[in-house]
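In what follows, a structure is listed as structure tokens, so that the remarks can point back to it.
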Amino acid sequence: MKEKFIMKSRGDQQASRSLVSPKWTFLLCIGSFCVGLLFTNRPTALESEGLKLVQEGCDLRKLQMKNVKRDSKQIFGEVSKTHQAIQTLDKTISSLEMELAAARSIQESIVNGSPISQDDTRSAPERRKYLMVVGVNTAFSSRKRRDSVRATWMPQGDKRKKLEEEKGIIMRFVIGHSATVGGILDRAIEAEDRKHGDFLRLDHVEGYLELSAKTKTYFATAVTMWDAEFYIKVDDDVHVNIATLGHTLVRHRKKKRVYIGCMKSGPVLAQKGVRYHEPEHWKFGESGNKYFRHATGQLYAISKDLATYISLNQHVLHKYANEDVSLGSWFIGLDVEHIDDRRLCCGTPPDCEWKAQAGNICVASFDWTCSGICRSVDRIKEVHKRCGEGENAVWSATF
């Protein structure tokens, strides 16, 4: 009995121990878990919050980059529109400046009483449209040359006026004044002009070494007096077929800036005393160099935009010794189309005669050895007879 009691007590003690231990174990486990959560959740939350901020920061950068790109495109678009507007405004201002310069020159000519004939003064304000202005370069001593031109390829009197009215072709001998204004030379030209009415007088002192200045003044004056598509300079010892010249020019009338002639590139002559000596030869490089391409001086044509350019910039355009070189230099750096047409520099018979017989009539004929027709006063009638286009050619022409 006693042994049973003892065994039962031990069994109860073991049972009580086994009952207590699991509870405490469970409580301890829960407590440990809660403590673990307490200490592990805090850094996890912070890390999550940090990650959230980092993500938000990245999204902000992306958003900012998108905004920057979008703003950049908008800015570039506005800049492009502004640039186009400025270019349009520049063109408009340039056009207005040209028109203003022409108007001022006309006003000055009228107010100052410059030697413009009455028919020219009346037509200037109206600004009638012409096809071309042909300026024949001449000198005080060239009366016989002028008469030979009048007797051949330049119409006279009513025919010249009819040419202007019906065909839009202006033709004038171009000359300035002598060093002694109003002297015997000037009075002789005035008397000749009263008889024929075919002079364009320039505000220019005549002289062989002043041909570049004369050329510049001619274009500047002509473009203010007549609104033409083309302006031509030709020497008074050259034979010209006017209708053929007109047909040649109208092929290029849709081009704004054209420079037409027989293009050449001769040597720059540095030696003093020789013909065509260039005092500023050093500007063209080493000795033996050639000039840039330019039209030979016997005859060349330029479009209205180029004549207007010369008029607006005449005070800053540099003059070289040779006028054809000077003209070519004024167009260097400009957007100008050079037209090399060899019909503007045919030789005298038999050259121009053979070409005429083949149906390829020349615009101009002269001798290279003389820079014009040799003994033109005596020979130009022969050239006109053998190489001329015929008197009716200009009247039947449609430009």
Decide whether [X] and [Y] are clustered together by the hydrophobic rule: side chain heavy atoms of Ile, Leu, Val, Met, Phe, Trp, Tyr closer than 4.5 Å, transitively.
X: Val394; Y: Val383; result: yes
X: Leu211; Y: Leu209; result: yes
X: Leu249; Y: Ile361; result: no
X: Tyr320; Y: Leu317; result: no
X: Ile175; Y: Val377; result: no

[Y] ring center within less than 6.0 Å of [X] ring center:
X: Trp282; Y: Phe284; result: no
X: Tyr259; Y: Phe331; result: yes
X: His239; Y: Phe366; result: no

Full working for side-chain hydrogen bond (donor to acceptor under 3.5 Å, both in side chains) between Asn137 and Lys214 = CA-CA 9 Å; Asn137 183 46; Lys214 183 177 181 179; 2.7 Å; yes
Nearest 0.5 angstrom please: [X] [atom1] to [Y] [atom2], how far?
X: Leu269; Y: His281; atom1: CG; atom2: NE2; value: 10.5 Å
X: Lys355; Y: Ser365; atom1: NZ; atom2: OG; value: 8.0 Å
X: Phe292; Y: Lys290; atom1: CZ; atom2: NZ; value: 14.5 Å
X: Leu245; Y: Trp153; atom1: CG; atom2: CH2; value: 9.0 Å
X: Ser311; Y: Lys216; atom1: OG; atom2: NZ; value: 11.0 Å
X: Phe199; Y: Glu192; atom1: CZ; atom2: CD; value: 3.5 Å

More than 12 heavy atoms of other residues, nucleotides or ligands under 6.0 Å from [atom1] of [X]: yes or no?
X: Glu391; atom1: CD; result: no
X: Ile184; atom1: CD1; result: no
X: Lys319; atom1: NZ; result: no
X: Trp354; atom1: CH2; result: no

Cysteines Cys346 and Cys387 with SG distance under 2.5 Å =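 Not so, these two cysteines form no disulfide.
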pair [X]-[Y]: side-chain heavy atoms closer than 4.5 Å:
X: Glu210; Y: His204; answer: yes
X: Arg379; Y: Asp367; answer: yes
X: Val336; Y: Leu306; answer: yes
X: Arg257; Y: Leu334; answer: no
X: Ser148; Y: Lys381; answer: no
X: Lys255; Y: Ile339; answer: yes
X: Val134; Y: Met132; answer: yes
X: Tyr218; Y: Leu200; answer: yes

Does the side chain of [X] pick up a donor-acceptor pair with the side chain of [Y] at under 3.5 Å?
X: Asp237; Y: Ser376; answer: no
X: Thr248; Y: Arg343; answer: yes
X: Tyr309; Y: Ser303; answer: no

Please find the pair of heavy atoms, one from [X] and one from [Y], that lie closest to each other, and give the distance.
X: Ala295; Y: Met263; answer: N-SD, 3.5 Å
X: Val238; Y: Ile380; answer: O-CD1, 4.2 Å
X: His247; Y: Ala397; answer: NE2-CB, 3.6 Å
X: Lys233; Y: Phe219; answer: CB-CZ, 4.2 Å
X: Trp330; Y: His318; answer: NE1-O, 2.7 Å
X: Leu344; Y: Leu299; answer: CD2-CD2, 3.4 Å

When Val133 is tested against each of Ile170, Ile169, Val174, Thr221 for side chain to side chain contact (heavy atoms under 4.5 Å, CB included), which residue passes?
->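 The side chain to side chain contact (heavy atoms under 4.5 Å, CB included) with Val133 is passed solely by Ile170 among Ile170, Ile169, Val174, Thr221.
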If the threshold is 4.0 Å, N to carboxylate O, is there a salt bridge linking [X] and [Y]?
X: Lys256; Y: Glu229; answer: no
X: Lys195; Y: Asp193; answer: no
X: Glu164; Y: Lys161; answer: no
X: Arg293; Y: Asp340; answer: no

Verify side chain to side chain contact (heavy atoms under 4.5 Å, CB included) between Asp203 and His177, making sure each step is shown before the conclusion.
-> CA-CA 7 Å; Asp203 183 13; His177 57 79; 3.9 Å; yes
Working for side chain to side chain contact (heavy atoms under 4.5 Å, CB included), residues Arg143 and Asp147 = CA-CA 6 Å; Arg143 173 62 187 265; Asp147 287 339; 3.3 Å; yes
Mind running salt bridge (Lys or Arg N to Asp or Glu O under 4.0 Å) on Lys385 and Glu382 for me, showing each step along the way?
-> CA-CA 5 Å; Lys385 181 179 179 180; Glu382 178 193 356; over 6 Å; no
Please say whether the positively charged group of Lys304, taken as NZ for Lys or CZ for Arg, lies over the ring of Trp226, i.e. under 6.0 angstrom from the six-membered ring centre and within 45 degrees of the axis.
->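 Ring-cation test returns no.
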Please step through salt bridge (Lys or Arg N to Asp or Glu O under 4.0 Å) for the pair Asp324 and Lys264, ending with a clear verdict.
-> CA-CA 10 Å; Asp324 52 355; Lys264 65 176 183 178; 3.4 Å; yes
Can you check side chain to side chain contact (heavy atoms under 4.5 Å, CB included) on Leu327 and Ile310, steps first, answer last?
-> CA-CA 9 Å; Leu327 184 73; Ile310 293 173; 3.9 Å; yes
Intermediate values then yes/no, side chain to side chain contact (heavy atoms under 4.5 Å, CB included), Val136 and Met154 = CA-CA 10 Å; Val136 184; Met154 179 188 283; 3.7 Å; yes
Candidate list Arg160, Arg172, Arg150, Arg146, test salt bridge (Lys or Arg N to Asp or Glu O under 4.0 Å), partner Asp198, passing option |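 Among Arg160, Arg172, Arg150, Arg146, the one that satisfies the salt bridge (Lys or Arg N to Asp or Glu O under 4.0 Å) with Asp198 is Arg150.
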